Protein chains: 2
Amino acid sequence: MSEDQSCIIHHFSHYCSLSKEEKELLVTLEESPTDIKSGALLWEIGDSANEFCTLKSGWAYSYRHLENGDRQILEIYLPGDIIGLREFAFSQRLENVRMITNGVVCHFPHKRLLEIFRLSVPLTSVMFAIASRHQALTTERLITLARRSARQKTAHFLYEMHARLSQTNSHLDGKFKLPLSQEQLADILGLSPVHVSRTFSLLSEEGLVYRDRHNVTIPNLEALAAAGEFDECYLNDNVRPLFEACA
Amino acid sequence: MSEDQSCIIHHFSHYCSLSKEEKELLVTLEESPTDIKSGALLWEIGDSANEFCTLKSGWAYSYRHLENGDRQILEIYLPGDIIGLREFAFSQRLENVRMITNGVVCHFPHKRLLEIFRLSVPLTSVMFAIASRHQALTTERLITLARRSARQKTAHFLYEMHARLSQTNSHLDGKFKLPLSQEQLADILGLSPVHVSRTFSLLSEEGLVYRDRHNVTIPNLEALAAAGEFDECYLNDNVRPLFEACA
DNA sequence: CGATCACTTGACTTACGTCAAAATCTGTGG
DNA sequence: CCACAGATTTTGACGTAAGTCAAGTGATCG
């Protein structure tokens, strides 16, 4: 596998420029890529947790069921993301993970992370930075879910997806494919499916978001960011150069 | 400063037994303890982020303001907690942090963390484990805030506080001091202050929680856990031994 | 002993949920 | 190319948890 094809290297390079050795170390995390079908489970709550996955292609999501049968989707994973970081401290899975589309994942055991710790301070720092960025993302979503209106939640989510996709796919230009049903959107946003439908209608009337099946068009990104009170800071802008760590 | 007084060592020991050298390394993180008054800001959003704090004593909380003036409290910090992990990847603070009570904090620069990365794989693992446990906590709160009723939110929060306090203070036995106003509770739980008041009345009528000023009494912990749909897993039970890392 | 602050209680409003029916899309086989 | 079945999505009527406003009741403190 060439380094250029590795989306994990692409992901890491975002934080810090990497030496050849570090790249080689990372490439080993993406051995044995496995095809996986849309709708398939990667793992379930309670499964033993001793590995991470990198998502080479496709979308996935993690979720939990509540006692009343509601489902909360916790995270949407996009190509290049690492799945399962959350459970490094635990012996069991704390959440279910399921593929949204067909995709390819690579498994690597937690032990490999310890090797990284041993071999490269820069990569360790990047892993830590990724975890902390992840945390920032979750926090932002927490604020949105706890406090904001359906309109703001939806705008915020769509803007976030666009922003995250832009990172790897530079010329989206306000258009992207969102392979999620409204029921799934409801489970992400903490709304009912019918209210998601109404909210999309509203956003469309306002000219903020047009949607045809799974194709989303955002004519004015700034307007949508404003509608969702989206705070740029937490995603990219201030990602720390970490040059001290890498130098 | 003796090692026995160090609450950071106590905190870390929870994850993994530490060698003498590692303890010494940790103790250096708690140099220069600083008194800090109730209500004082540790930092504000936008401040440059180049250090963590350990909280030796007292309570603190992090928060953000929304555009409509609402405030969301993101995290309550208890003695032994590390504040500011979230911002390791960022150059600026993403949230405000304020003391709830008088307390003592110790500052240590991000660079020290890189030293830890360099010097000790076990400590690096523990740092990572702490970050991942933190993430688990935030995720659980996200689910609660997004999906559950005021009664469940309140029960969940109180149970969580009790559980976290029990970790360092073994014989609480259902009684503890909660130095938070109902307005602050509202800002944590995503409710209005008046609804917090009503919810406490309800919990009290149900015999689940009694409260006199800032003193909370929980006669039946299991009943409260059930009311809040509290899932033990995510806090302690499954914290990974990490022996492989330490051995 | 007022003055200020935190909490409680009640009346009314609102955003979102629920239920159920209608409309639309998707795919399959004839 | 059409017909039909099963999902999704939309629309409408109605219910409810929690918000808002405002007045009242305690605490705490100079």
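So you know, we letter chains A, B, ... as the sequences are listed, proteins then strands, and number each from 1. Predicted model, so just to flag it, every value in this text is computed and none were measured.
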Q) What's the CG-P distance between B:D212 and D:dA27, to the nearest Å? A) 9 Å
Q: Have a look at A:R213 and say if it touches a base, only the backbone sugar-phosphate, or nothing, with a 4.0 Å heavy-atom cut-off.
A: sugar-phosphate
**Q.** Interatomic distance, A:R148 CZ vs C:dT14 P [rounded to whole Å]
**A.** 23 Å
**Q.** A:R64, A:R71, A:R86 screened by salt bridge (Lys or Arg N to Asp or Glu O under 4.0 Å) with A:E95, the one that passes
**A.** A:R86
Q) Is any side-chain N or O of A:S197 closer than 4.0 Å to OP1 or OP2 of D:dT8? A) no
Q) Taking the side chain of B:S149 as its heavy atoms from C-beta onward, which of C:dC16, D:dT20, D:dA18 lies nearest to it? A) D:dA18
(Q) Using a heavy-atom cut-off of 4.0 Å across all strands, would you classify B:V194 as base, sugar-phosphate, or nothing? (A) base
Q. Which whole-number value in Å describes the distance from A:Q182 CD to D:dT8 C1'?
A. 8 Å
Q. Quick one: A:R198 CZ to C:dC16 C1', roughly how many Å, whole number?
A. 9 Å
Q: Answer with base, sugar-phosphate or nothing: what part of the nucleic acid does B:S181 contact at a heavy-atom distance below 4.0 Å?
A: sugar-phosphate
Q) Nearest nucleotide by nearest heavy atom, which residue falls closer to the 5' end of DNA chain D, A:R147 or A:S201? A) A:S201
Q: Find the distance B:L178:CG to C:dC7:P and express it as a whole number of Å.
A: 11 Å
Q: Nearest whole angstrom, please: distance from the P of C:dT9 to the NE2 of B:H195.
A: 14 Å
Q. Hey, are B:S48 and B:Q92 close enough side-chain-wise for a donor-acceptor pair under 3.5 Å?
A. no
**Q.** A:L208 side chain reached by A:N220 side chain, heavy atoms, under 4.5 Å
**A.** no
**Q.** Parallel, tilted or perpendicular, as decided by the 30° and 60° cut-offs, for the rings of A:H162 and A:Y159
**A.** tilted
Q | Length of the NE2-P vector between A:H214 and D:dA7, whole Å | A | 16 Å
Q: Tell me what A:R211 touches on the nucleic acid: a base, only sugar-phosphate, or nothing, going by heavy atoms under 4.0 Å.
A: sugar-phosphate
**Q.** Interatomic distance, A:L189 CG vs C:dG17 P [rounded to whole Å]
**A.** 10 Å
Q. Is a side-chain donor-acceptor pair under 3.5 Å present for A:Q182 with A:R211?
A. yes
